[in-house]
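Notes for the one structure printed next.
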Amino acid sequence: MLKRQGRTRSGNRLPSLAALAAALAIAVTGCQSDPGKITSTVDTALQDSSSAVATARLALELEQAGKLTHAATSTALDNALEELETSRKHVLQLAPETEETRAQVQEALEALDQSATSLTTARHAMSSTDQEPNRQQAQSQLDQAAKSLEALTQEAHQ
Amino acid sequence: MKRLLGVALGILTAIGGFVDIGDLVTNAVVGSRFGLSLAWVVGVGVVGICLFANMSGRVAAVSGRATFEVIRERLGPRAGLANLSASFFINLMTVTAEIGGVALALQLASSVHYLLWIPVAAAAVWLVIWRVKFKIMENVTGLLGLTLIVFAVALFLLKPDWMVLAGQAFSPSVPGEETVSAYWYYAIALFGAAMTPYEVFFFSSGAVEEGWSIKDLVQSRINVLVGFPLGGFLSIAIAACAAVVLLPAGIEVTSLSQVVLPVAEGAGKVGLAFVLVGLVAATFGAALETTLSSGYTLAQFFGWSWGKFRRPAQAARFHLAMIICLLVGIAVLATGVDPILVTEYSVVFSAIALPLTYLPILIVANDPQYMHEHVNGRVVNALAMVYLVIILCASLAAIPLMILTGAGS
């Protein structure tokens, strides 16, 4: 009897659990497409990426000035790229529903791609033996990426 | 003369041993986001750790037993188990963070990925615990950790605007781009980093390892009251370096490689060499302390034979427990979880568990059955009560603030 009761109770629980799971899934997917959530995710991603690019610029500057070792500079650049990739992944997971949010996500992704390219150039500059690309090229690409990120961040805050 | 040298060595190792991965990361994160506006928390944390470490050292010196043994006997197995669960969980998280910290520091020195350094770091920790004498282990890591003073040297070489730094430290306010909840979340994290429970357990078990008696109380008090505040000063120097270089550049600290950049800017490659030695020594020393603390807490609760003063064969379960803790740490880090993230969570969880750690110490330190005439005085008890209120507030506010701020993001 007890067993049957238990089975009945768990049988009653199953639909409730399924409903709860469905509600959670809707809430999660809903959050991903909520305009407020999109703006906040994009904003955070841009800020984190700005910090990563600023780190790379500083590390490269210090390395060129003979103040930072090759190993420490490479590690700083690797960490910056990882940070940027995480931000990019978060933006890629968004599901914008309106024209405005789609444009916002697209612009952010372009800036993040530019930043990732500049960081990759910086890493290549560190490992290249033929000075191609060289540190100046990497520094200038990082400067450009920083400007794009800053412009987007300011635009988002207006 | 020998006694004076002993006191000086004790102070120096206390300074060098004060900073661990939690202090390094949390102070740098806070400095890069809030400037020196949270420096007051380091002060509050240092006074707290001095108060309770001194109490715990006194319990060990007077009773000849480690604090945890006395807590279990005095408060019974249930209260002892609550204390053990909280402390052991935090210890395990801290062991993981420290081993990750050693690996990250070695990556900075070698550019070899940190995941490859993790088994090496854990094996080295085990080997030192197995083979090296307690005194040598404590002194070498503590003295090498002193090279972190390069943060203070770099700060002077960076020629900051001292008035601005003083303004941030003495009239603290929440920076415009930060929220009030994030400010208080990091205040709790800094407090947890300064008052990490393992420091107290290690201090009291270390007193038993070194055979302290009542006549050593003065030296222990000097070590704590001079060494820990100077260690706190070192923590503020780390935050100040981040505030001077990283904050204006818009860099928010998320990795150890960012923590060393201000030192490189101020003191160049020589400074970088010192800071790398300091990082390895501080994290390795703390990995030893937390691993030992894990063994101490378990062995003292279950009544196993423990201590480095015994041959490993005579304290087999104590050594086995430490090996298992190291293996758990390696397994967690092998999943690819960011050691800095583990560190950030460990300091906050440390703050959550503080009441379970420090209340029993206060009760035992007031028990004349164990302490005889060395029970706490009125001033110490009054201060300890104030701290219990602070600890309780920090503990209760930690989780809501963690949820509210998305773990400070």
Side-chain angles (χ1 to χ4, degrees), chain A residues 31 37 40-41 43-87 89-90 115 119 122-123 126-127 142-143 145-147 149-154 156-157, chain B residues 28-29 32-33 103-115 117 154 157-158 176-179 182 242 244-273 275-276 279 336 338-341 405-409:
Chain A
C31 282
K37 172 78 181 169
S40 139
T41 306
D43 199 30
T44 308
L46 290 175
Q47 276 179 23
D48 292 349
S49 305
S50 295
S51 166
V53 170
T55 304
R57 288 170 75 192
L58 179 61
L60 217 56
E61 251 175 53
L62 292 173
E63 200 265 344
Q64 281 180 288
K67 290 181 168 183
L68 200 60
T69 58
H70 188 277
T73 314
S74 298
T75 308
L77 292 176
D78 285 349
N79 291 337
L81 193 58
E82 273 169 32
E83 176 84 23
L84 198 83
E85 278 169 358
T86 309
S87 302
K89 207 171 99 185
H90 287 153
S115 305
L119 276 169
R123 284 174 81 213
M126 287 300 297
S127 57
L142 283 168
D143 292 346
K147 273 183 197 159
L149 288 168
E150 198 186 339
L152 268 184
T153 311
Q154 278 178 354
H157 285 191
Chain B
V29 170
S32 71
R33 289 181 59 173
L104 288 174
L106 289 171
Q107 181 185 9
L108 266 175
S110 65
S111 80
V112 174
H113 198 274
Y114 80 91
L115 281 175
W117 283 115
L157 294 172
L158 285 166
E177 59 278 13
E178 296 289 350
T179 59
V244 170
V245 175
L246 306 180
L247 179 63
I251 297 171
E252 281 181 18
V253 171
T254 51
S255 66
L256 202 61
S257 57
Q258 292 165 316
V259 178
V260 302
L261 292 177
V263 176
E265 180 158 336
K269 276 185 183 162
V270 177
L272 183 70
V275 84
L276 289 179
L279 288 180
D338 182 4
I340 299 296
L341 208 61
T405 62
S409 61

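The shown structure was predicted, so the numbers you read here are calculated from the model rather than taken from an experiment. Order of the sequence lines fixes the chain letters, A, B, ..., with proteins taken first and strands second; residue numbering starts at 1 for each chain.
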Tell me, out of [options], who's got the most heavy-atom pairs with chain A below 4.5 Å.
options                                   : value
Gly250(B), Ser257(B), Ser110(B)           : Ser257(B)
Gly266(B), Ala267(B), Gly268(B)           : Gly268(B)
Ala273(B), Ser255(B), Ser32(B), Ala109(B) : Ser255(B)

Q.
Show, in sequence, the C-alpha distance, side-chain angles and deciding distance for Ser51(A) and Gln258(B), and conclude whether the side-chain contact (heavy atoms from CB on, under 4.5 Å) test is met.
A. CA-CA 10 Å; Ser51(A) 166; Gln258(B) 292 165 316; 4.2 Å; yes

Q | Leu272(B) and Lys67(A): CA distance, side-chain angles, deciding distance, side-chain contact (heavy atoms from CB on, under 4.5 Å) verdict | A | CA-CA 8 Å; Leu272(B) 183 70; Lys67(A) 290 181 168 183; over 6 Å; no

Q: Quick one: pull up CG in Asn79(A) and OH in Tyr114(B) and give me the separation to the nearest 0.5 Å.
A: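 Those atoms lie 9.5 Å apart.
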
Q.
Could you check whether any side-chain heavy atom of Leu261(B) comes within less than 4.5 Å of a side-chain heavy atom of Leu68(A), counting everything from C-beta outward?
A.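 A side-chain contact under 4.5 Å exists here.
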
Q | Leu58(A), part contacting chain B, at a heavy-atom distance under 4.5 Å | A |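 When you check distances to chain B, only side chain atoms of Leu58(A) fall under 4.5 Å.
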
Q.
Between Leu276(B) and chain A, with a heavy-atom cut-off of 4.5 Å, which part of the residue counts as in contact: side chain, backbone, both or neither?
A. neither

Q) What part of Val245(B) gets closer than 4.5 Å to chain A, counting heavy atoms only: side chain, backbone, both or neither? A) side chain

(Q) Is it true that, when you exclude Lys269(B) itself, more than 12 heavy atoms of the residues, nucleotides or ligands shown sit nearer than 6.0 Å to its NZ? (A)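 Yes, enclosed.
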
Q. Which residue, Ile251(B), Val253(B), Thr254(B), forms the side chain to side chain contact (heavy atoms under 4.5 Å, CB included) with Thr55(A)?
A. Ile251(B)

